[in-house]
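Reading through the structure tokens given below for one structure.
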Amino acid sequence: MLQRSRARNHAVAGTITRCVMLYVSTQFIAPSMGAEDIASQPSALPSNTKAAFIPAPKTTWKTAQKIQPISLGRKFRDQTIAGTARRTPTPARPIVTMKNADHTDPPQKPDEGDGGHHWLLMRHGQTNHNAEGRIQGSTDVSRLSEAGEEQARRAGEFVAGLKIDKVYVSPLSRARETLRLVETAGSQPLGEPKVVDDLREVDLHEWEGMLKDDVKAKYPEIYQQWRGNKPKDFQLASGKYPIRDLFARARSVWTSLLEDASEDLEEAEKLQVVSKGPVQTLVTAHNGINQALLCSAAGMDEDCFRQYEFPNCGIAEIVWNPGEARARKWRWLYPEQSAWFAVTDTEECNEMEGAAEQLAGAKAGGGATRRQPAMRERRATSGCEKEQQGEEDLQQQLLQQRRQQAGRS
């Protein structure tokens with residue numbers, strides 16, 4: 001009996017020893033290994049545990065799996081990961097590219113420290129005719145598309161940060177609706193707009209309402225003239241010169257706007273009203289008339305048309321004071337902002353074209369063209385040394401060509 005009791009106690013002690021070693025192995029030595037892994041790979045355990053390790057029956061392992069507590073190693077690791085997650089800062093804002101920066105990061109506002117009268121020329125939002133490729137001209141049939149309405153609302157968010165002193169608008173519905181949405185999105189009144197009939201879009205007469213593809217098919221040569229580099233000579237089959245008429249209208253508009261600005265300035269001086277920052281006037285109109293207004297302000301003629309096209313709801317900023325012969329400078333303001341352009345720099349559109357015509361005329365033996373007097377007149381008024389040097393270089397080229405022609409004869 002005594003021997004049997006000792007054998008039984010010895011067996012129990014061995015079992016307890018194996019259980020303790022198994023617990024230590026699974027909880028501390030190999031926290032990433034499960035019980036079944038240890039049973040199948042005892043060699044993975046340290047050498048001091050191999051001798052004492054005796055795999056238990058599968059039923060015992062299953063039972064151990066059911067009641068096995070979470071490994072302290074795993075628990076510590078999980079807590080560490082969780083704590084790290086809680087301490088991780090909010091991810092940085094993604095880099096905004098130019099494609100999605102149109103309205104997320106608005107451009108700078110007009111320089112408040114810059115004196116002078118700032119004119120903001122804005123085009124209307126996209127219309128259903130824009131989307132269809134249909135020519136609108138000065139007709140009042142088209143309406144803003146959903147995309148156009150969204151463009152106007154986003155432009156309104158930008159304009160809301162500006163101090164607008166006065167508002168002018170075209171009589172056409174697409175421009176007036178754009179202005180209404182701009183004002184609504186900005187949540188601040190812009191004041192009663194003054195409707196100016198001459199701010200309507202270019203008159204395209206018999207082309208209005210036609211699809212561009214149909215115009216190309218019916219009037220291929222005239223359409224090429226319309227899209228070409230000599231807009232001044234663009235003439236419809238009816239005998240009209242749309243671009244010449246448009247620029248004449250733009251010059252008339254500027255005369256009216258500057259007169260209004262001068263009267264407002266005199267009234268403010270009488271009332272001793274001190275303006276905070278520059279005076280800013282918003283003009284909501286169309287691509288064609290806005291181009292003509294910009295070119296006229298910078299002293300450019302009709303042949304510079306299409307060099308400065310406005311996107312839908314695009315805004316250009318011009319600094320032009322009443323009483324001055326022309327604007328001082330201008331820039332694109334929205335949706336993408338550019339650097340300031342001095343008016344003398346912008347005149348290169350006229351100067352370079354005139355120089356090209358002179359060279360072409362000289363090669364043909366015709367000498368200087370009609371552009372030469374106009375170039376001299378603009379150079380005298382601007383006093384730009386760069387333009388003067390360019391003219392001298394051009395004269396040298398012409399003189400050299402004439403000498404070569406004389407030598408051949």
Side-chain angles (χ1 to χ4, degrees), residues 110-111 113-123 165-166 168 196 198-199 202 231-232 243-266 275 278-283 285-310 314-333 337-355 370-391:
D111 302 328
D114 181 18
H117 197 123
H118 291 236
W119 305 86
L120 308 180
L121 307 183
M122 181 174 70
R123 185 189 178 189
D165 298 285
K166 201 163 187 177
Y168 293 89
V196 179
D198 281 345
L199 283 175
V202 58
K232 181 187 289 186
I243 305 304
R244 294 183 187 180
D245 296 340
L246 178 68
F247 270 68
R249 203 160 22 99
R251 288 187 282 268
S252 175
V253 168
W254 273 127
T255 300
S256 176
L257 296 187
L258 291 170
E259 287 177 355
D260 285 355
S262 180
E263 293 175 1
D264 293 341
L265 184 60
E266 292 176 0
S275 176
V279 177
Q280 296 178 139
T281 300
L282 177 64
V283 180
H286 311 268
N287 181 30
I289 185 63
N290 281 354
Q291 288 187 68
L293 289 171
L294 173 58
C295 291
S296 300
M300 297 180 284
D301 64 14
E302 293 88 340
D303 282 339
C304 293
F305 185 71
R306 291 201 181 286
Q307 299 297 316
Y308 308 98
E309 298 202 37
F310 283 66
I315 302 175
E317 179 184 5
I318 302 173
V319 179
W320 191 0
N321 294 333
E324 296 179 347
R326 63 181 63 181
R328 297 181 182 182
K329 58 184 180 179
W330 72 277
R331 68 174 174 177
W332 295 112
L333 183 62
Q337 182 176 298
S338 71
W340 283 105
F341 296 97
V343 166
T344 53
D345 295 335
T346 308
E347 285 181 353
E348 292 181 2
C349 175
N350 285 330
E351 301 294 338
M352 294 177 66
E353 178 129 6
R370 60 180 175 83
R371 280 279 185 172
Q372 191 173 359
M375 289 176 66
R376 289 175 179 169
E377 181 181 354
R378 281 194 295 272
R379 188 179 67 252
T381 56
S382 65
C384 180
E385 295 181 359
K386 181 179 178 182
E387 294 173 352
Q388 184 175 1
Q389 182 63 40
E391 176 67 15

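For the single chain, residues carry numbers from 1 onward in sequence order.
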message: Show the nearest heavy-atom pair for residues Asn290 and Ala285, with the distance to one decimal.
response: OD1-CB, 3.5 Å
field: Closest contact, heavy atoms only, Asp260 versus Lys166
entry: CB-NZ, 4.1 Å
field: Closest heavy-atom pair and its distance - Leu246, Ala292
entry: CG-CB, 3.9 Å
task: Kindly indicate whether the side chain of Leu293, heavy atoms from C-beta on, has any atom under 4.5 Å from the side chain of Leu199.
output: yes
task: Mind checking the CG-CD spacing from Leu258 to Glu324? Nearest 0.5 Å is all I need.
output: 9.5 Å
- prompt: Where is the tightest heavy-atom contact between Pro278 and Gly116, given as atom of each residue plus distance?
  reply: CB-O, 3.4 Å
query: Rounded to the nearest 0.5 Å, how far apart are CD of Gln280 and CG of Leu120?
result: 5.5 Å
message: For Asp198, give me all partners under salt bridge (charged side-chain N to carboxylate O under 4.0 Å, His left out), at least two apart in sequence or on another chain.
response: Arg200
field: Approximate separation, where rounding is to 0.5 Å, of His118 NE2 and Asn321 CG
entry: 8.0 Å
message: If we check ring-ring contact (aromatic ring centres under 6.0 Å, His included) with Trp330, which of these qualifies: Tyr308, Trp320, Trp340?
response: Tyr308
message: Would the distance check show the side chain of Ser256 and the main-chain N or O of Ser252 forming a donor-acceptor pair, the cut-off being under 3.5 Å?
response: no
- prompt: Atom CD of Gln337 and atom CD of Glu317: how far apart are they, to the nearest 0.5 Å?
  reply: 8.0 Å
- request: Look at the side chain of Ser338 and the backbone N and O of Trp332, then say whether any donor-acceptor pair between them is shorter than 3.5 Å.
  value: yes
message: Within this structure, what is the CE-CG distance for the pair Met122 and Leu333, rounded to the nearest 0.5 Å?
response: 11.5 Å
query: Counting distance only, does the side-chain N/O of Gln291 pair as donor-acceptor with the main-chain N or O of Phe305 below 3.5 Å?
result: no
- line: Nearest heavy-atom approach of Ala327 to Val343 is O-CG2, 2.8 Å
message: Measuring only between side-chain heavy atoms, which start at C-beta, is Cys295 closer than 4.5 Å to Phe247?
response: yes
Student check: side-chain heavy atoms of Leu257 and Thr281 closer than 4.5 Å: no
- request: Measure the spacing between CZ of Arg244 and NZ of Lys232 and express it to the nearest 0.5 Å.
  value: 7.0 Å
task: Just say parallel, tilted or perpendicular for the rings of Trp119 and Tyr168, cut-offs at 30° and 60°.
output: tilted
message: Looking at Glu302 and Arg249, is any side-chain nitrogen of the basic one under 4.0 Å from a carboxylate oxygen of the acidic one?
response: no
- prompt: So which heavy atom on Ala298 is nearest to which on Arg326, and how close?
  reply: O-NH1, 4.2 Å
